[in-house]
Engineer: 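Quick one: the structure is below, questions incoming.
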Protein chains: 2
Amino acid sequence: MQPEKLENLEPDTERKILEAAGKVFMQKGRLGASMQDIADEAGINRTLLHYYFRNKEKLFDTIFTKLLSQVFPTMVEAFASDRPFMEKIRIFVETYADLLKENPYLPVFVFQEISLNPDRLAGIIKHVGVDPDLALKGLTKEMESLGVHGMDPRHIIANLLGMVLFPYIGRALFQKIAFQDDTEAYEKFLEDRKEQVPRFVNMALQGSGQGPGQSRKHP
Amino acid sequence: MQPEKLENLEPDTERKILEAAGKVFMQKGRLGASMQDIADEAGINRTLLHYYFRNKEKLFDTIFTKLLSQVFPTMVEAFASDRPFMEKIRIFVETYADLLKENPYLPVFVFQEISLNPDRLAGIIKHVGVDPDLALKGLTKEMESLGVHGMDPRHIIANLLGMVLFPYIGRALFQKIAFQDDTEAYEKFLEDRKEQVPRFVNMALQGSGQGPGQSRKHP
DNA sequence: GTCTTGTTTAACAAAAATGTCAAACAATAT
DNA sequence: ATATTGTTTGACATTTTTGTTAAACAAGAC
């Protein structure tokens, strides 16, 4: 009777839409991207977008959660492994360098969207398959065994994320001001950071033999 | 004849508009903010916005350049001074912590806008009253005298900016995941970073006695 | 007073984007 | 062949936002 769920007779329209939407949304932001833009990028009629994903919000939600459920695991994965601390750092930096190389607009896009609409977070954090509290405790232990005492590991995380993300978040600005807008030089810089960032962290942790955060040596 | 340019009979409408527009634009982004939103925030009629600033683009431009010509000098100022290196770092971090505390949406706003519309940069970089190349050369020298050889100072800058900005750029996300959404705890964390970031940089530079960036020790 | 000038407002026009609908189309089943 | 099902399209309706215009208003000049 029924043509038994032919699923794939829609050639690859849905895939094309998802690809195009991902690209356009990341580049222009949720508000900057029009349905027409996306349809053009996908090479299809705009009405088809509505046929496949009722409306813009639903299309965006699909893209956004899809994206994050891809990015988050990658992020925690590096830290969840049982390799030695500095190894984790190195893997994390390298993994992210690759991810960002292919999706340079991702960080600004994600943070802008979350800052605009924090509620979205609730439905997404589920996708993080790791207990953050547990992970932090683990980090603390590892740091202690490295001789770093009394330092909240979240500072390390913030430092690391900041150092890794900044060159992408601030690229247009930073490249123009500090590299005279030399794209090639900047790409080399990005490549160098795979080595520089872990080294920087390593140095910072090697040298920190002093106690908790109350000592201060201001003039 | 003419009532000699009474400038100030417009009570403080223009100021109110600029304030409101700054706030709303930063919070919602250029595209997310409607003229009505801004008028509401300022407590005036929407048409007045057009009376004072012809159209949305002009209003936005005014805000954006005003904002950046306020932020950039603050940024370079810390580095242009002739204090010792670590002192500069400390001043920079502290200055920015204060600025960001009052304008938490600023980084995402600025970077999103620049990434969306890089052309705006051209007209703005003029406001940087410092030659970046010169500043970088200066930094290199200072680092050398600290015993750090062969390291591109731009890595330090990127590290520093990243570490300072990330807790604001990623706040919604980071606070939720790593602080169980405890706002107070996060604010304390932000406060702590004024001390932690310079210390981290200090440690990293103290310990870096090895040579330039060509040695690599991968597995 | 009334004239002039600049400010503010409401009503309207125009533009841009989203969303809906019914008809055309392709492919397979009967 | 035609009926059925899912896909694609163009035309239309709705909504949202921006921009314009003309009239009301306030205040000082004369």
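Letters A, B, ... mirror the listed sequences (proteins, then strands); counts begin at 1. The structure presented is a predicted model; accordingly, all values stated were derived computationally and were not measured.
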Engineer: Just how far, in rounded Å, is C1' of D/dT18 from CG of B/Leu59?
Structural biologist: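 Those two atoms, CG and C1', are 13 Å apart.
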Engineer: Taking only residues two or more places apart in sequence, or in another chain, which ones meet B/Thr47 in a side chain to side chain contact (heavy atoms under 4.5 Å, CB included)?
Structural biologist: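 So B/Thr47 forms a side chain to side chain contact (heavy atoms under 4.5 Å, CB included) with B/Asn45.
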Engineer: Tell me whether B/Arg90 is salt-bridged to B/Glu94, with the criterion being a basic N under 4.0 Å from an acidic carboxylate O.
Structural biologist: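 Salt bridge: no.
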Engineer: At a heavy-atom distance below 4.0 Å, what parts of residues 23-39 of chain B sit against DNA chain D?
Structural biologist: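 When residues 23-39 of chain B is checked for heavy atoms under 4.0 Å from DNA chain D, the hits, listed by number, are B/Ala33, B/Ser34, B/Met35.
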Engineer: What bend angle does the helix from C/dG1-D/dC30 to C/dT30-D/dA1 show across its length, from five-pair end axes and to the nearest 10 degrees?
Structural biologist: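 Computed from the C1' atoms at both ends, the axes differ by 20°.
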Engineer: Starting at atom NZ of A/Lys58, determine the distance to atom C1' of C/dG19, rounded to an integer number of angstrom.
Structural biologist: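 Interatomic distance, NZ of A/Lys58 to C1' of C/dG19: 12 Å.
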Engineer: Can you tell me how far C1' of D/dT16 sits from NZ of A/Lys56, to the nearest Å?
Structural biologist: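 About 12 Å, once rounded to whole Å.
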Engineer: Suppose we screen for side chain to side chain contact (heavy atoms under 4.5 Å, CB included). Which residues come up paired with B/Asp131, at least two apart in sequence or across chains?
Structural biologist: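 Partners of B/Asp131 under the side chain to side chain contact (heavy atoms under 4.5 Å, CB included) test: B/Asp133, B/Leu134.
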Engineer: Tell me, please, which residues at least two apart from B/Ala97 pass side chain to side chain contact (heavy atoms under 4.5 Å, CB included).
Structural biologist: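 Counting only residues at least two positions away or on another chain, B/Ala97 forms a side chain to side chain contact (heavy atoms under 4.5 Å, CB included) with B/Lys194.
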Engineer: Using whole Å, what does the distance between atom C1' of nucleotide C/dA14 and atom NE2 of B/His50 come to?
Structural biologist: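 Rounded to the whole Å, the gap is 12 Å.
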Engineer: Could you pull out every donor-acceptor pair under 3.5 Å between side chains of residues 155-163 of chain A and any protein atom, sequence neighbours left out?
Structural biologist:
residue, atom, partner, partner atom, Å
A/His155, ND1, B/Arg193, NH1, 3.0
A/Asn159, OD1, B/Arg193, NH1, 3.4
A/Asn159, OD1, B/Arg193, NH2, 2.3
A/Asn159, ND2, A/His155, O, 3.2

Engineer: Scan residues 45-59 of chain B for pairs that pass salt bridge (Lys or Arg N to Asp or Glu O under 4.0 Å), counting only residues two or more places apart or in two chains.
Structural biologist: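 Sorted result for residues 45-59 of chain B: empty, none.
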Engineer: Tell me, which pairs form a salt bridge (Lys or Arg N to Asp or Glu O under 4.0 Å) where one or both residues lie in residues 15-33 of chain A, sequence neighbours left out?
Structural biologist: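 Passing the test, one end in residues 15-33 of chain A: A/Asp12-A/Arg15, A/Arg15-A/Glu19, A/Lys23-A/Glu41, A/Lys28-A/Asp37, A/Arg30-A/Glu113.
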Engineer: Could you list the protein-to-nucleotides 9-11 of chain D atom pairs, N/O on both sides, closer than 3.5 Å?
Structural biologist:
residue, atom, partner, partner atom, Å
D/dT9, OP2, A/Asn45, N, 3.4
D/dG10, OP2, A/Asn45, ND2, 3.0
D/dG10, O6, A/Thr47, OG1, 3.2

Engineer: Starting at atom CG of A/Asn55, determine the distance to atom P of D/dA13, rounded to an integer number of angstrom.
Structural biologist: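 Those two atoms, CG and P, are 21 Å apart.
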Engineer: Under the ring-ring contact (aromatic ring centres under 6.0 Å, His included) rule, collect the residues that match up with B/Tyr186, sequence neighbours excluded.
Structural biologist: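 Checked B/Tyr186 against ring-ring contact (aromatic ring centres under 6.0 Å, His included); matches are B/Phe179, B/Phe189.
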Engineer: A/Phe92: what forms a ring-ring contact (aromatic ring centres under 6.0 Å, His included) with it, not counting sequence neighbours?
Structural biologist: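 A/Phe79, A/Tyr96.
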Engineer: Report, one line per pair, each donor and acceptor closer than 3.5 Å where one atom sits in a side chain of residues 100-111 of chain B; sequence neighbours left out.
Structural biologist:
none

